[in-house]
J.: 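Encoded as structure tokens, here's the structure I'll be asking about.
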Amino acid sequence: MNIRHWAILSLATAMGFSNGALAGCPKSGVHLPAGSLEQALIALGRECRISVLVQASSATSFNLPEQTLETAAGDFEPALQTLLRDSPFTYRRHGSAAVAVVPRDTAPVETGGGDLAAQTEEITVTGSSFTGSHLRHLQLDSYAPIDVLAQPELEITGAQTVAQLLKFLPAVSGNSTSTSVSNGGNGTATVTLRGLPASNTLVLINGRRIVSNGFGGEAADLNTIPLSAVDRIEILKDGASAVYGSDAIAGVVNIILRRNFDGLSVNSYFGEAERGDQQTGSHSVTWGKAGDRGHLMLSLSRYRQGALMSRDRALSESADNRARGGTDLRSAASPAGYIALNSGEEVTNDGAGGYRTWTQEDRYDYRGYTSAVVPSRRDAAYLAGSLDLDDQVELFVEAMGIRTLAETTMAPTPVFTRFDNGDLTIAADSPHNPFGEEIADVRKRVLELGPRTQENRTETWRFNSGLKGGWDSWQWELAAALHYTRASESTGNLIDPYRLSRGLKGPGQCDAESGCVAVNLLGPSGSIDDAQLDYIRAEGEVDGASRMVSLTYVVDGVVGSSDAGEILGAAGVELRREAIDFQSTDAMGLSFIGSNISGSAEGERMIGEVFAEISLPLAADKLWLDGAIRYSDYSDFGNTANPKLALRWRPWPSLMVRASYATGFKAPTLIDMNQTGYQSQEFLFDPCTGSDANTLPGCRGQADGARIQYLTEFGGNAELQPETSDNRSLGLVWTPAQLKGFSATLDIFDIRQNDVIDTSPQYLIDQNAREALFANRVLRDERGDITKVVARRLNIGAREVRGLDLALRYQYLSEDIGQLRWSLNASHIQRYLDQPAPGSPAEDLAGTFVDPASGGAGSLPQWKANTGIYWSKGRWEGGYTIHHVGALEESFTADEQRVTRRIDSWSSHDLQLAYSLLPAGLRLAVGIDNLLDQAPPFAATAFNDNYDGRTYDLSGRYWYTTLAYSLF
């Protein structure tokens, strides 16, 4: 079913609903403990599933006694009127399931916010700013598109990690990381908005910057954020460097943690694929208690995800894809061995003690060993507390600790004696050489070592504390943060290239007296005994830490007023110190065979930033001008200033037009500037392997066409400058009064980047072969085969991404039917121009797939969407969601011909049904992900498992159940 069919079906469903009323409270009444009006409104909104907006600074200071509100008819408004009867507050309705609580002398609030209508079950307290601004006010109209996933929506998805929750969002595409990426993964999970690298999306917790992963990576690791502690997630789909600084080019993901929870909540989850694997369990306990002067909350969680092996799905069980229209990706390094003799003959072991001619059918299918979904474990604790020091000042503390473990399985180590590190030529007088001649090219899969195992561990600690308060119409916050994360990676059953080199030589260089053990790479599988294995076996270790210390002061309030309304302003200063320190084991500067070498990096920087924002009304209730600017000074590369301007125009009460322009920047990471010695076997294509090699100026004849991986050495560059960007957006927000509860938003975006930091080894190889350039970076032997590619980071690239976002939402509430919500959220990439280096042609990647293992941007579907219908009445809840990824194209070389093929579109249907036992506080849910058991579409160029694990899901039909107990 394509998107056009979805839209017709969904709109027909939505138009069938009539106007609703505010009704959805439990008929047994709502019990509210003693406390502030803010806490009472939050509790009432949760029980009645109504979105409540309230100015926290005033509602917190008004206290109420313990009481029970009568809701015999399930009506919300009579209960709210009772609650506010003796208070200085009243309320204004917003659609069918939202209200704003305001002081009685406050003018009516505009009802045009498109996002408000969508957040039926969210409790929003406007004492905190919306993502994308430091301003705090009741204005519901944002100048930028924001997606909000609130706590009830988190429950209905069945997701157990932040990464799972974000994976199918329409604005998310491209080269993220996750535990669905085994070979080449490191146990982390990142998010990529607009298909730009993860370093272009800023991840915040409670509006504050967090530390990157332990190896000093480009982005925050989502696996270090427990979903059980999350209250809601706000996704700003616009550039925000003027507000937050570096990295916010594609947008911002702001993860808001629970802070005002009062009571006890216990949750357990168990899920399993229908085929009996990938068993996943998750358990959490959350406790909170409010007192006269403060609040304390503690959340503990544990998550366990089982493995899914490549061999257990038809799509991924084999690397030979010729029958599917792809190529044979099996390895030339087979257990029986590929042996090239000086005569030009290519032989392999025949299994009977002799040798026969090697053929392409002797390639090795390594998928029998590899994990497709990596088993992982996470344990987390989160503590949040606040204490009122007086009527104006509050002390707050947030602390989080989390430990993660991921265990990847890969096929046994392959050896390519001509192309791996070290002198791996087999001597003519080696005791295991029956040919009596020196042999340079042997490709052997050392099954005797057993599968390679990669274990990734992280330990992350975050601590935030500070003071916040207010006077008159102003609010301020002073916050200090200390973040630390340590990561380690160990990979077993590798081969030491220096020991193997000695073991392949004759008695003159390898004898028992020197401790050397002769190694047999020329025999059949099983000929390498334990003594040889113990001699060559190696284990790679990577250990690193990232640290961040920051101090931030922000103040905001009413600057003044005009005939058009109040002028709002905010300003602040932030000081930050970032540092990394990591190193890896190696073999005297060379990577172990079968693994990468991460090299080492050590560096730190100081950052000082000042920022300001203003919201200026130009015409009362019709026109606003918003502006922001941030000046950043980095100790290692200099300074930059980035402004943002936005206009909001409301020609009619039901329609708002918004437009913005902003500049942005991404600072080079400390890894980009300081890394040394990073080696990897990259999946690349050498034009010199084609039959036309003799016509290419950089080729020395036709190179070996059996190779698909090339040793590549990357390096940092202390002279790097920031990546820069220009962001433009134009949008419409429509909230027709005739159709209460309905909202529609359409936003066009355009992002242009320059000075993109890149290495592009594929570009170096192409230019070397076709133009005879970069001979000092693409190293070839006398036969013309590449021995190493030296790639150093440079500011050489440029990008332009243009597209649109569409969101349609409708909600209906009545006593007979209950609450119904429908939504359609879609994102379209019109073009994705990528220029890898100055002077090179720009390529439009929109609608294409290029695997990140080959230096590509991943899957960039032109259309990605989801739609769903969600229902609740009394004790019952249900949800039905469809995720859709549009068709893609991929290109590759087969039989020396360039082939372009279509990757089919894909849809996944998810279903959940829940029942609550009231007043016992129990909630039981049963769900099915991928109801129709749709396998991902085949991708011929996918490095892992014949599909893109960053975009699709291999599990198939997946069943799960959750049991929750809540006591308020």
J.: Could you walk me through whether T585 and F592 pass the side-chain contact (heavy atoms from CB on, under 4.5 Å) check?
T.: CA-CA 9 Å; T585 59; F592 291 124; 3.8 Å; yes
J.: Is the number of heavy atoms from other residues, nucleotides or ligands within 6.0 Å of CD (E541) greater than 12?
T.: yes
J.: Locate the shortest heavy-atom distance separating R831 from E800; write the atom from each residue and the value.
T.: NH2-OE2, 2.8 Å
J.: Would R313 and D945 count as a salt bridge (Lys or Arg N to Asp or Glu O under 4.0 Å) if you check the C-alpha gap in whole Å, the side-chain angles of each, and the deciding distance to 0.1 Å?
T.: CA-CA 9 Å; R313 294 295 185 272; D945 302 310; over 6 Å; no
J.: Using 4.0 Å as the upper bound for N to carboxylate O, is an ion pair formed by R443 and D704?
T.: yes
J.: What are the two closest non-hydrogen atoms of F419 and D785, and how far apart are they?
T.: CE2-CB, 3.8 Å
J.: For a quick test of reading the model, state the closest non-hydrogen atom pair linking L500 to L521 and the distance between them.
T.: CD1-CD1, 4.4 Å
J.: For R499, check side chain to side chain contact (heavy atoms under 4.5 Å, CB included) against everything at least two apart and list the hits.
T.: D496, Y535
J.: Are any side-chain N or O atoms of T327 and backbone N or O atoms of A894, one a donor and one an acceptor, separated by less than 3.5 Å?
T.: no
J.: Side chains of S318 and D365: do they bring a donor and an acceptor to under 3.5 Å?
T.: yes
J.: For the pair Y355 and F435, name the ring-plane relationship: parallel under 30°, tilted 30 to 60°, perpendicular over 60°.
T.: tilted
J.: Could you check whether R445 makes a cation-pi contact with Y364, meaning its NZ or CZ is under 6.0 Å from the centre of the six-membered ring and within 45° of the ring axis?
T.: no
J.: Between the side chains of R356 and E361, is the shortest nitrogen-to-carboxylate-oxygen separation below 4.0 Å, so that they form an ion pair?
T.: no
J.: Check I495, L494, I593, L504 against I536 for a side chain to side chain contact (heavy atoms under 4.5 Å, CB included) and give me the one that passes.
T.: I495
J.: Regarding D781 and R783, does a basic nitrogen lie under 4.0 Å from an acidic carboxylate oxygen?
T.: no
J.: Please report the C-alpha distance between S891 and T900 in whole Å, then the side-chain angles of each, then the deciding distance to 0.1 Å, and finally whether the side chain to side chain donor-acceptor pair (under 3.5 Å) criterion is met.
T.: CA-CA 4 Å; S891 297; T900 298; 3.0 Å; yes
